[in-house]
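Contents: one structure, followed by commentary.
Note that this is a predicted model, so its numbers are computed, not measured. Chain A is the first sequence line, chain B the second, and so forth, proteins listed ahead of strands; every chain is numbered from 1. Note: hydrogens, waters and symmetry copies are ignored here, and every other heavy atom, side chains too, is used.
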Number of protein chains: 2
Amino acid sequence: MEKLRQITGLDAGAVADVAHMFDVLAEPTRLQILQALANGPLCVGDLVATLDAKQANISKQLGVLHAAKLVDRERDGLQVRYFISEPMIFELCSLVCGKLRRDAEARVAAMPAPSRARKR
Amino acid sequence: MEKLRQITGLDAGAVADVAHMFDVLAEPTRLQILQALANGPLCVGDLVATLDAKQANISKQLGVLHAAKLVDRERDGLQVRYFISEPMIFELCSLVCGKLRRDAEARVAAMPAPSRARKR
DNA sequence: TTCGTATATGACTATATCGCCGTATAGCAA
DNA sequence: TTGCTATACGGCGATATAGTCATATACGAA
């Protein structure tokens, strides 16, 4: 892997950091939270209602997103308002969505003509 | 979550697909494989030597990358040559690296002056 | 202070998967 | 065919974590 570092210029630590960031984005619940926050700040209770998930889980996943510095928060009385602090995540999701769309289209194009007409 | 779909236009299935793609990128070994392939096609044995990992593990991770359509392969006699089939992954990694760099710089700037001089 | 609400945290179970080992398969040579 | 090499595959142990419950903490009201 020393050989790899010479090639890529990235040491094992940097690779691990990148992997961890992708890991944070690799959970559907966390992605849904980010999507919900895309339209503006929301407090924990709003997210619990919007995603109909348990409060404890939402809070825990918000903690992960916050530790990764993808969201930030501010207290407002009893509530805590969360908001996106890293707009880059939308570019990331957009790139991935584009790839998934291309893959789906390629699958359709690869289908034999008769079934291509029937499916979906 | 029906509410969420109305807001974001993404249903639960699409979110799961995006999450899975991030999950594929969330393993250091797979990232290292992609980095190694950035300079051109390599066969399994080359990757085993470059990353000094076990052949079984490299092969398994290549299977995951191939299933996700991030790499493609072609047989060449006894060997199988793998190569990047989705250049988008470099944009993804670049965005993440930029974010990590900004975070690191912010941490340095937030350090009290005396220790800022000492650390790293 | 005490009470009620909003959020965070600790412990737990269930599930997933990384990396390893052993072995199976694919292809070439003889 | 047999033998050799490169790669893929199935099972296993160890580790990690999502989601849940119960509880703790933070804040405001009275």
Protein-nucleic acid N or O pairs under 3.5 Å, nucleotides 10-12 of chain C:
residue: dA11(C); atom: N6; partner: K60(A); partner atom: NZ; Å: 3.1

Output a table of donor-acceptor pairs, distance under 3.5 Å, between side-chain atoms of residues 64-71 of chain B and any protein atom two or more places apart or on a different chain; print 'none' if there are none.
residue: H66(B); atom: ND1; partner: R73(B); partner atom: NH2; Å: 3.1

Q | DNA chain D: 5'-proximal contact among T29(A) and G63(B) (nearest heavy atom) | A | G63(B)
Q.
Whole angstroms only, please: what is the CD-P distance between Q61(A) and dT9(C)?
A. 13 Å
Q: Could you go through the side-chain contact (heavy atoms from CB on, under 4.5 Å) check for L37(A) and Y82(A) one step at a time?
A: CA-CA 8 Å; L37(A) 292 179; Y82(A) 280 83; 4.3 Å; yes
Q) When you look at L47(B) and L62(B), which way does the side-chain contact (heavy atoms from CB on, under 4.5 Å) test go after all the steps? A) CA-CA 10 Å; L47(B) 288 165; L62(B) 281 169; 3.9 Å; yes
Q: Residues of residues 73-83 of chain B with any non-hydrogen atom less than 4.0 angstrom from an atom of DNA chain C: list those, numerically ordered, please.
A: R75(B), G77(B), L78(B)
Q. Are the side chain of R75(A) and the backbone of L78(A) linked by a donor-acceptor contact shorter than 3.5 Å?
A. yes
Q: May I have the distance from L65(A) (atom CG) to dA18(D) (atom P), rounded to whole angstrom?
A: 10 Å
Which atom pairs, one a donor and one an acceptor, fall under 3.5 Å between side chains of residues 16-28 of chain B and the rest of the protein, sequence neighbours left out?
none

Q.
So, OP1 or OP2 of dT5(D): does either fall under 4.0 Å of a side-chain N or O from Q55(B)?
A. no
Q | Contacts of E86(A) that satisfy side-chain hydrogen bond (donor to acceptor under 3.5 Å, both in side chains) - sequence neighbours left out | A | K99(B), R102(B)
(Q) Output the rounded distance in Å from CG (L47(A)) to P (dA8(C)). (A) 10 Å
Q) Which distance, rounded to the nearest 0.5 Å, do you find between the SG of C97(A) and the CG of L92(A)? A) 11.0 Å
Q: Could you pull out all residues at least two apart from E74(B) that satisfy side-chain hydrogen bond (donor to acceptor under 3.5 Å, both in side chains)?
A: R81(B)
